[in-house]
Amino acid sequence: MKIPTYKTEQLKCWNKAKEIRDNFYKNYANAHENGGLRWAGGAWSFGAIPAGLGNDIFPITGEPYAASIAFDKEFSLRCLEAVERRGYARDLCSYMRNYWGSVILDEYAFGGKFPKPDFMWQDHICCSHAKWYQVASELEGGIPTFCIDVAVGPYKEVTNNRLEYLVNQMHDGIEWLEKTTGRKYDDENLIEAVYNECRSTSLWAEICDLNKAVPAPLDEKSMYSLYVLGTLEKHSKVVADFYQELLDEVKYRVENQIAAVKHERCRLMSDTQPPWGFLKIFRYLEKFGAVSVGSLYTFGLIGVWEDKEDGTWGPRTTPQQKGIKIETRDQALRILADWNLSKPEWQHFYSPHLKSAMMSRIAKEWKLDGVMLHYNRGCEGLSVGIAENRLALIEQGFPVMTFEGNMGDEREFDQAQTTARIDSFMETLGIDIIDEKVAI
Amino acid sequence: MIQVGIDVGAKFIKVVLIKDGKVVVKDQTASGFEGKENVKTLYDQVLQQAGISPDEVDSITSTGSGRKVVDFATKSITDVTAAAKGATSLYPEVHTVIDVGAEEGRSIRCNQDGKIVDFAINEKCAAGAGAFTEAMARALEIPLEKFGELSLNSTKEIPMNAQCAVFAESEVVSLLHAKTPKEDIAKAINDAVASRITSMVRKVGFVKEIALIGGVAYNIGFIKSLEADLKDKIIVPEGPEYVCAYGAALITN
């Protein structure tokens, strides 16, 4: 088999992505210096709503913050052990445990003491979401907390009543925000944030869509550093503008066959959060000329998608692209609720079969040769049903390998065992090592 | 043509030498702490036994968890590929290969051509591997080679934790304190390991015929338990611990 060779180069906007992320954590920590407010909540919380309180409202989203902790194995271990000493079980969500640990130790992953939020703004779809911030609030001496229940079923079954259930909670939430912060709410800010959120999450889907190209312009390891901006502040103009810039660059890469992996000859996808302290396993794939082009997780955690006329999956058309002008608070909230309910990663909380269908679709449309499933012990929400997904993919004819680990608890991941598993999997695909020298 | 396969396992190193398609010599030694040196010593011994000089060897393929220590190998393959190749070459009718060694258990499903379709390996857990049986034999103060035979004297079914070797050992101790006959405990242990392996086999799906390879295949009690769980007969090749080395020898550059 002839080994292909493609041109590769680093993304030009890579450093900008890093800068946006750094600023996000700095802005949160320094918010009080200029009279601003801090809020804490999940990456899926409706961040566009607190944006209505002003331009000096800075969030910290728990999952990406915890992933940053997990990347720092020494700090993560101290966080996890601090939580265990308080009596919390080791099999709880490892993001939640890293986050709590950071609070208990009063250490911020980016230096200094953990900056206490002024309020907590969360939504609830997985089994840990609301509990996470209830406990975090208690650990910090009682922070006002508001949580929106979004578990109304998969998008294809959404009715007006179900949508109304969310929208009503959002209206209540705005009243609560005004009462809790003493600030007057500005609907114009809300409307702008909703536009931004629709733009950024649709753009991210469009970027992922470009990875259907051979060679793939992006590899999943790099995508983790890019999609994360959407998990930090998907409603911000900075993120939406950045994704536009990234989209333009990725289009250029596709047009010029600039690959993420020099010898791409085997296309894979993964699933769920990776073991954050061991992203090197994705580099290990390069030895074989294999690339993970993404996953339902990287594509659909913040990316919002729709069925296109030609039957393919593509970025959801935004209200602004449809010429919809948002004029009222209620209209903005309704659009925000509907938009988020169509998020791919919210669908499979109701049935693993919905996830299997999306994964099979990715496997076909992104021209995959195989799938690597992470049996992630750290996240019940995204891992539940993964064994069913495996069977469905095999039935569709896609070879699947599994490996056990934990996104945020390195004690449950065995690198040597996982790379040995990759070796075996590659052999079953008939692929030898091309380059022993790839450092991991 | 002279082909050598070297399987560097967690506990034993096995070497098989094939000349013109026939196994001429096979031998093994403990992996020990000096794996690299032990591999070379065993390899030299095998060549000596076969009356062959190193220059006459056409290919040396290493496999096993310690395969990377064989720095003189001309090729290196994983245990999964070696096990499938070895078992399906010996028995072309085999489509499911169960390989239970000292520290790993694996199940491999192959198609009609012997190509691997799916495989599963036990995760970070000793409960489905030989080391577990060995530890239990120690706890029962029974020589390992008698363990399987002894269990055949029992007809009892005592449920035991099949998920964790640590908990299972504490159950064994409790059973001993309760004066449970050793043959019943031995059978319970074999049933537990078999149950763990069966779940892995079912995960990849099994298609007849089934072969069991690896050192644990010497445990007749385990074979009976596995056959009962799978409700099927199992083929056990002669020298089951050499099958991976044999498979490796067959795969050349």
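Chain A is the first sequence line, chain B the second, and so forth, proteins listed ahead of strands; every chain is numbered from 1.
- Looking at B:Ile108, neither its backbone nor its side chain comes within 4.5 Å of chain A, counting heavy atoms on both sides.
- B:Ser76 is linked by a side chain to side chain contact (heavy atoms under 4.5 Å, CB included) to B:Ser62, B:Arg67, counting only residues two or more places apart in sequence or in another chain.
- Around the NZ atom of A:Lys73, the shell of radius 6.0 Å holds more than 12 heavy atoms that belong to other residues, nucleotides or ligands.
- More than 12 heavy atoms of other shown residues, nucleotides or ligands fall within 6.0 angstrom of atom OH in B:Tyr91.
- Applying the salt bridge (charged side-chain N to carboxylate O under 4.0 Å, His left out) definition to pairs two or more places apart or across chains, those involving residues 206-216 of chain B are B:Lys208-B:Asp232.
- Around atom NZ of A:Lys262, no more than 12 heavy atoms belonging to other residues, nucleotides or ligands sit under 6.0 Å away.
- For A:Leu429, no part sits under 4.5 Å from any heavy atom of chain B, backbone or side chain.
- Rounded to the nearest 0.5 Å, atoms CD (A:Gln417) and CG (B:Asn122) are 7.0 Å apart.
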Going through the distances and angles, do B:Asp118 and A:Arg390 end up as a side-chain contact (heavy atoms from CB on, under 4.5 Å)?
CA-CA 11 Å; B:Asp118 199 3; A:Arg390 175 185 163 273; 2.7 Å; yes
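- Counted within 6.0 Å of CD on B:Glu93, heavy atoms from surrounding residues, nucleotides or ligands total more than 12; the atom is thus considered enclosed.
- The CG atom of B:Asp79 sits 10.0 Å away from the CG atom of A:Asp423 when rounded to the nearest 0.5 Å.
- Looking at A:Glu427, its side chain never comes within 3.5 Å of a backbone N or O of B:Val80 through a donor-acceptor pair.
- Contacts between B:Lys115 and chain A at a heavy-atom distance below 4.5 Å involve the side chain alone, from C-beta outward.
- No more than 12 heavy atoms of other residues, nucleotides or ligands shown are found within 6.0 angstrom of NZ on B:Lys11.
- At a 4.5 Å heavy-atom cutoff, the contact between A:Phe425 and chain B is made by backbone and side-chain atoms alike.
- With values rounded to the nearest 0.5 angstrom, A:Arg421 atom CZ is found 4.5 Å from B:Ile121 atom CD1.
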